[in-house]
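Data block below; observations after.
Atoms considered below: every heavy atom in the structure, side chains included; atoms not considered: hydrogens, waters and symmetry mates. For ligands, and for the atoms within them, numbers begin at 1 and follow the listed sequence. FYI, the numbering just counts along the sequence from 1.
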Amino acid sequence: MLKIAIQKSGRLSEGSLSLLRKCGMKFNSSKNQLTAPALNFPAQILFLRDDDIPQYVEDGVADIGIVGENVLLEKGGDVAIVKRLGFSKCRMCLAIPKGQQYTDTSYFHGKQIATSYPKILQRFLQEKGVKAEIHEISGSVEIAPGIGLAEGIMDIVSTGSTLLSNGLKEVELVLKSEAVLIKAPQLQPKHEAILDQLTFRIGTVLAARDSKYILLNAPNDKVDEISKILPGMKSPTVMPLAEAGWSSIHSVVEEGKFWEIINQLRDLGAEGILVIPIEKMII
Ligand code: PRT
Ligand code: ZN
């Protein structure tokens, strides 16, 4: 039985539950539950506070876990990242009051910076050769400059609206973070085997999430050029249309590249372009 630690409630929980469910795992999760057995996979889910997950995984209480990379970097510990999961994306930034003029990191020399992530901040300041005073506070970091507790902050930013509404501006990117799958330093071979199955499934879910199935009609003399733009998994499927001189081309495109190539396809005479989500993708 593989023990999987995920956040009980917060910004990682929905993404973690949804990923496990898309991997075919069935389990009942109710608010007050601390654990839930998977009903159709040799795993048990442990619902924990995100800050505790790296330690639980390092100690082997859980075999694997899903946690924000920011928390992992702050807590340290002897755990390995198995996969980056692409959800709960955010960045950690230094921010200062809007009215202040900012030049570069030397701005922070001798200043006080409030954060809940002292280790990450310490490392960043050291790399930049900046000597500043770190004020560790556990929450509502963004109010620190307003109440005179610090001159700047280092915190998680997603949309930037929290900074804005507290009269702050982002001045340095410290790191980018996303949810990651971590594993214990020592896993029993039977647990490694279950983890292999799970990471295979996660791979298919992530590949499908980042790809789209595309179908289009094109004049026959443009099929070669269009096929070069749409290489697909191996090569595109090309089928003749009932109308002479035309073909239907089917392929897979990376979501991120879609808008880049759509104009090229239209310039080459592609018509009736359909883009369809993919449920699972086995590469
Ligand atoms: O209770 P528990 O300890 O489990 O949860 P938590 O309250 O410590 O963490 P939670 O659920 O808030 O966040 C879990 C993880 O989600 C973080 O460690 C990050 O990896 C990730 N994440 C993604 C975020 C955000 N986006 C985010 N926007 N974590 C926090 N925020 C906060 C941020 O602290 C700031 O207060 O949102 C505010 C900024 O958001 P914007 O959109 O206004 O910029
Ligand atoms: Zn937390």
Practice problem: Just jot down the ligand 1 atoms closer than 4.0 angstrom to any heavy atom of Gly10, in number order. | Solution: 11 (O)
Self-check item: Protein residue, atom and distance nearest to atom 42 (O) of ligand 1, heavy-atom basis
Solution: Thr159 OG1, 2.6 Å
Quiz prompt | Numbering as shown, the atoms of ligand 1 that approach Gly68 to under 4.0 Å (heavy-atom distance) | solution = 20 (O)
Quiz item: Which of the N/O/S atoms in Asp51 sits closest to the Zn ion (ligand 2)?
Solution: OD1
Exercise. Of the side chain and backbone of Ser158, name the one, both, or neither that has a heavy atom under 4.0 Å from an atom of ligand 1.
Key: both
Self-check item: Nearest-option assignment for atom 23 (C) of ligand 1, heavy atoms, candidates Ser9, Ser161, Cys90, Gly160
Solution: Cys90
Quiz prompt | atom 8 (O) of ligand 1: the protein heavy-atom neighbour that sits closest, reported with distance to 0.1 Å | solution = Asp50 OD1, 3.3 Å
Quiz prompt | Atoms in ligand 1 flagged as close to Thr162, the criterion being non-hydrogen separation under 4.0 Å | solution = 38 (C), 39 (C), 40 (O), 41 (P), 43 (O)
Exercise. Name the option, out of Arg11, Gln7, Met92, that contains the heavy atom nearest to atom 4 (O) of ligand 1.
Key: Gln7
Quiz item: Is any side-chain N of the basic residue among Glu178 and Lys89 closer than 4.0 Å to the acidic one's carboxylate O?
Solution: no
Quiz prompt | Geometric cation-pi criterion Arg209 and Phe87, 6.0 Å radius, 45° cone | solution = no
Quiz item: What part of Asp155, side chain from CB on, backbone N/CA/C/O, both or neither, has a heavy atom under 4.0 Å from ligand 1?
Solution: side chain
Quiz item: Just checking, any donor-acceptor pair under 3.5 angstrom between side chains of Tyr102 and Glu172?
Solution: yes
Self-check item: Sub-4.0 Å atoms of ligand 1 with respect to non-hydrogen atoms of Val71
Solution: 18 (O)
Self-check item: Electrostatic pair Lys22:Glu279 at N-O distance under 4.0 angstrom
Solution: no
Quiz item: When only distance counts, is Arg49 in polar contact with ligand 1, meaning an N/O pair under 3.5 Å?
Solution: yes
Quiz item: Can you find a side-chain donor-acceptor pair between Glu74 and Asn70 that sits under 3.5 Å?
Solution: no
Quiz item: Relative to the Zn ion (ligand 2), which of the N, O or S atoms in Asp50 is the closest?
Solution: OD1
Quiz prompt | Closest approach of any protein heavy atom to atom 35 (C) of ligand 1, naming residue and atom | solution = Ile156 O, 3.6 Å
Quiz item: For ligand 1, which atoms have a heavy atom of Val157 less than 4.0 angstrom away?
Solution: 44 (O)
Quiz item: What part of Asn70, side chain from CB on, backbone N/CA/C/O, both or neither, has a heavy atom under 4.0 Å from ligand 1?
Solution: side chain
